Amino acid sequence: MDVSESMDKKSPIVQPTKLPCPPIHVSVRTMQGEHGLLDLWKAIKPLATIASAMNTGAHPDDEHSAMLAYLALGRGVYTTSVIATRGEGGQNEIGCEQGTALGIIRTRELEEASSLSNVTLGILSEELDDPIHDFGFSKCANETFRKWGEEVVYERLIRKIRELRPDVVIACFENEPTTHGHHRAITLLTQRAFHEAADPDIFPAHMQAGLLPWQMKKLYLPIMDNDDYHVAVPVGEYDQIYGSSYVQLGERSRFMHKTQGMGVHYDEGPTYNYYRLDASVTPAPEKERDFFFGLPVSFADLAQNVAAKGGQELAKVLHLMHDAATDVLNAYPRFAEVAQRVHRMKALLASAQQEVYKSTLDEETKIDLMYRFGIKEAQLNRASAEALSLVVKIKPETGEWVAGQTTTVTVTAYNGGALEVEHVQLRLRVPKGWTAKPLTPTAFPRLAYNQTVCTVFEVAIPAQAEPFHPYKPPVLDVEVLYFAFDTASTIRVEPDSRVAVLPPYAVTLTPSDVVRNTLHTDEAIPVKVTLKQYRPGSSTAKIALVVPEGWTAEPAFVDVPFSFRSETKTIAFTVHTTPQVTNGKYEIRAMVAGTDGVTEVAQDVQVIEYPHVGRTYFIRPATLTVQAFDLAIPKNQRIGYVSSGFDNMDKYLRAVGVNCLNLDANEIQSGDLSRYDTIILGIRAYGFRRELIESNQRLLQYVENGGNLVVQYHKPEDKWKPHLAPYPIFIGESLIDWRVTNEQSDVRMLASDHSMFLEPNVITQADWDGWVQERSIYNPSRWGSEYTELIATSDPGEPEFRGIFLTAHYGKGTYTYSSLAWFREIPQLVPGAFRLFVNMISQKQ
């Protein structure tokens with residue numbers, strides 16, 4: 001038997017021709033001994049439930065974690081979470097990744113969070129540069145639709161609904177004016193989809209792809225008012241098996257969203273989430289017991305519906321399945337007994353599938369039944385593996401591959417249970433065009449307790465293999481076929497760690513971006529080029545820089561020899577510009593040629609790794625952006641920067657020639673602050689640098705003695721108090737009201753003759769052009785009259801904000817508070833932001 005199969009082939013499932021294969025995650029993770037009983041319960045709990053629910057949201061961490069835990073872990077409902085974006089526009093509380101790199105991390109966080117709660121995940125954003133992206137805070141759905149493309153996101157939402165076929169859909173947010181525009185957009189589309197996902201004339205191409213229209217039965221919206229609800233979900237109920245309430249279980253998943261600082265420790269006790277019925281195709285009372293009131297939830301309910309349509313023989317089998325599922329749950333935690341009853345239920349499921357074909361039920365009912373049976377088959381396969389303690393592992397020779405390479409992958413199956421497993425087959429599935437040749441046997445007559453079987457595969461990766469994509473499924477997995485109790489099972493297992501096809505050479509240009517000060521065009525641009533070889537063995541790479549017309553790079557090229565995989569080398573280049581460089585953006589690219597002599601655009605491989613999400617990769621062209629503009633910087637300044645860890649603006653200041661030093665806790669608490677002309681507090685610094693609160697009086701004394709203190713934006717919860725400033729500053733409490741989201745909003749300079757706009761750079765209206773994502777966030781709502789209001793701006797149709805940029809004399813010095821989004825503008829090399837920031841840190845009494 002040829003056990004090398006391509007990933008586009010599926011295991012045979014008995015189903016009608018038109019029925020789409022259920023897109024359910026059927027892999028099992030490598031089991032850890034301490035989680036054996038809990039993993040078994042998570043696997044068998046869904047077996048008694050045939051209902052399904054979907055939660056729709058806009059960003060990772062929007063999901064209603066407690067409610068999802070209640071449905072999936074507590075009720076065993078097949079629960080799905082559909083999220084629109086990857087969260088690229090959020091903030092990062094664990095590192096400096098922003099934009100696409102942050103979206104990659106937040107995707108992994110969402111995947112891990114969903115896995116903890118037994119939730120099947122769907123994300124509408126598909127590519128690294130997808131139109132459905134988190135472009136930052138939006139105050140209305142219309143702006144969101146303009147940037148996403150309303151029909152683009154709607155088509156993908158309808159597609160997910162038709163793939164996952166939920167009985168009940170629950171939106172994460174209400175559509176009301178105080179809500180983020182992304183949230184409102186998804187809620188509006190969810191409401192629209194409730195009525196149109198069942199219409200075959202809506203996106204008819206779905207039917208050609210094998211999907212069928214689907215009518216959801218109920219739509220719910222969350223509410224905060226306990227008096228106006230239809231369903232109260234008891235998320236505070238305590239589950240003795242998990243030793244937690246569903247709120248606590250939900251927070252375990254929320255703690256995975258570390259980049260957003262999510263996760264709260266809650267005490268035990270009664271807690272409810274409240275939801276209002278927004279639309280329904282079935283009658284519903286004023287108050288319902290739960291989301292599924294009036295809908296089939298168990299096999300017994302399904303049997304009753306089938307019998308009413310004339311499927312009496314099928315109804316008998318469904319009643320047997322209801323009893324069999326109860327028997328499985330009653331056998332817990334006795335692994336061998338659970339396994340026996342799971343396999344009895346598998347045999348009954350096969351009988352039920354055959355009865356569907358023999359019945360006179362209408363085609364629509366048959367399709368619905370077979371879809372639910374397909375989900376149950378996958379759940380039974382997982383339950384079988386957990387009950388048998390079948391542990392499958394994939395061990396690649398290395399997890400970093402290159403196109404054209406041949407490597408080996410070892411697959412092992414271990415039996416940790418008391419029951420013998422028979423007729424075991426190990427199949428390594430690879431993408432189309434790849435080959436996986438078994439070098440050792442793949443079929444084993446039996447696998448006894450505490451025994452391991454092993455197959456080694458030789459994997460050939462074609463020269464045209466697609467490079468690693470962080471949003472695509474793994475390039476390989478293992479399909480394990482086996483028998484127990486004379487019943488076949490199939491499980492699929494993915495590697496524990498990411499396996500990635502990477503470029504033969506990863507090329508990184510340092511710096512990745514640079515300001516070319518047109519006031520000093522005689523200065524060369526030093527470029528450090530770091531190459532890492534991912535291909536095995538020895539080779540020679542030829543590296544060169546491609547520069548704008550009239551510029552030169554020295555040397556012209558360099559031959560770089562490598563001896564082994566993962567060897568890293570660094571080459572120094574110097575780029576000279578033309579004598580006169582006009583303001584604008586320029587790009588320097590790297591080109592690389594390997595031993596084969598083929599020259600191509602070099603690729604940078606950013607390795608992203610955190611303990612809670614593991615390792616992943618971001619592959620992009622190796623480029624260096626040069627932003628040219630005039631920037632006057634006072635000489636002999638000494639700047640102290642207090643970073644919260646959420647921005648890297650100090651790096652950019654040093655890059656343009658500012659003498660910027662990072663201050664540690666000792667320096668703030670007891671150092672000589674008078675040595676610094678200016679001290680800058682990074683974004684949200686009071687919330688994350690504990691010494692600042694204790695030393696705030698020292699900072700104010702520093703200003704009073706003649707220092708220049710610059711404080712960037714804070715959230716109200718960042719331990720900010722109005723008295724931390726020399727004159728009170730109150731930060732607006734509403735998430736949506738106190739910000740300017742339009743990065744192109746008109747800006748009025750209220751004090752155009754102030755030194756902030758004159759020295760050392762003359763600020764004009766042109767300096768407000770080219771800003772990205774937003775103007776300001778968490779603006780002050782009130783402030784002391786001692787402050788000078790420097791600018792006024794607002795989103796269209798809203799009152800102007802005049803507290804975004806405040807400065808005041810205090811004693812002999814200057815205090816400035818600014819909620820402008822410097823942390824976004826400076827890394828994007830926005831010229832006006834640089835020029836104004838330098839003015840801000842150059843203020844003198």
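This is a predicted model, so every value here is computed, not measured. All residue numbers in this chain count up from 1 along the given sequence.
- No donor-acceptor distance shorter than 3.5 angstrom exists from the side chain of Ser351 to the backbone of Leu349, with no hydrogens or angles considered.
- For Phe255, the ring pair (Phe, Tyr, Trp, His ring centres under 6.0 Å) partners are His265, not counting sequence neighbours.
- Heavy atoms only, all atoms of each residue included: Ile394 and Val493 are closest at CD1-O, 3.2 Å.
- Formation of a donor-acceptor pair under 3.5 Å by the His64 side chain with backbone atoms of Cys172 is found in this model.
- Closest approach of Leu302 to Pro296, counting heavy atoms only: N-CB, 4.2 Å.
- Between Glu400 and Arg535 there is no salt bridge, since no side-chain nitrogen of the basic residue lies less than 4.0 Å from a carboxylate oxygen of the acidic one.
- Each salt bridge (Lys or Arg N to Asp or Glu O under 4.0 Å) pair with one or both residues in residues 76-88, not counting sequence neighbours, would appear here, but there are none.
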Distance-only criterion, 3.5 Å: show the donor-acceptor pairs between side-chain atoms of residues 65-75 and protein atoms not counting sequence neighbours.
unit_1	atom_1	unit_2	atom_2	d
Ser65	OG	Arg254	NH1	2.9
Arg75	NH1	Asp290	OD2	3.1
Arg75	NH2	Asp290	OD2	3.1

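- The nearest pair of heavy atoms linking Cys454 to Thr440 is O-OG1, 3.9 Å.
- A salt bridge links Arg492 to Glu479: at least one charged side-chain nitrogen sits closer than 4.0 Å to a carboxylate oxygen.
- Residues satisfying the ring pair (Phe, Tyr, Trp, His ring centres under 6.0 Å) criterion with Tyr505, sequence neighbours excluded, are Phe562.
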Review point. Do Glu494 and Val478 pass the side chain to side chain contact (heavy atoms under 4.5 Å, CB included) test, and can you show the C-alpha distance, the side-chain angles, and the key distance before you say yes or no?
Key: CA-CA 7 Å; Glu494 297 173 353; Val478 167; over 6 Å; no
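- The main-chain N or O of Asp61 is found under 3.5 Å from a side-chain atom of Glu63 such that the two form a donor-acceptor pair.
- Checked for salt-bridge contact, Asp130 and Arg156 meet the test: a charged N lies under 4.0 Å from a carboxylate O.
- Every residue was checked against the ring pair (Phe, Tyr, Trp, His ring centres under 6.0 Å) condition with His322, not counting sequence neighbours, and none meets it.
- Screening Trp401, Tyr617, Phe618 against Phe468 for a ring pair (Phe, Tyr, Trp, His ring centres under 6.0 Å) leaves a single residue, Tyr617.
- Residues satisfying the salt bridge (Lys or Arg N to Asp or Glu O under 4.0 Å) criterion with Glu397, sequence neighbours excluded, are absent altogether.
- When only modelled atom types and interatomic distance are considered, His133 and Ser125 share no side-chain donor-acceptor pair under 3.5 Å.
- Every residue two or more places apart in sequence or in another chain that forms a salt bridge (Lys or Arg N to Asp or Glu O under 4.0 Å) with Lys160 is listed here: Glu163.
- Proximity of a side-chain donor or acceptor of Asn92 to a complementary backbone N or O of Gln260 within less than 3.5 Å is not detected.
- Remark: His423 engages Phe483 in a ring pair (Phe, Tyr, Trp, His ring centres under 6.0 Å) (not counting sequence neighbours).
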**Study point:** Derivation and outcome, side chain to side chain contact (heavy atoms under 4.5 Å, CB included), residues Phe457 and Thr408
**Key:** CA-CA 6 Å; Phe457 294 87; Thr408 58; over 6 Å; no
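- Judged as a side chain to side chain donor-acceptor pair (under 3.5 Å), the pairs with a partner in residues 462-472 (not counting sequence neighbours) are, in order, Glu127-His469, Glu127-Lys472.
- In this view, Asp134 satisfies the salt bridge (Lys or Arg N to Asp or Glu O under 4.0 Å) rule with no residue, not counting sequence neighbours.
- Taking the salt bridge (Lys or Arg N to Asp or Glu O under 4.0 Å) definition, one finds that Glu420 meets it with Arg446, sequence neighbours left out.
- Counting only residues at least two apart or on different chains, the salt bridge (Lys or Arg N to Asp or Glu O under 4.0 Å) pairs with a member in residues 344-355 are Glu355-Lys358.
- Of all heavy-atom pairs spanning Pro495 and Pro474, the tightest one is CD-CB, 4.4 Å.
- Residue Ile83 comes nearest to His59 through the heavy atom pair CG2-C, 3.4 Å, listed as atom of the first residue, atom of the second, then distance.
- For Gln451 and Asn415, the side-chain atoms include no donor-acceptor pair closer than 3.5 Å.
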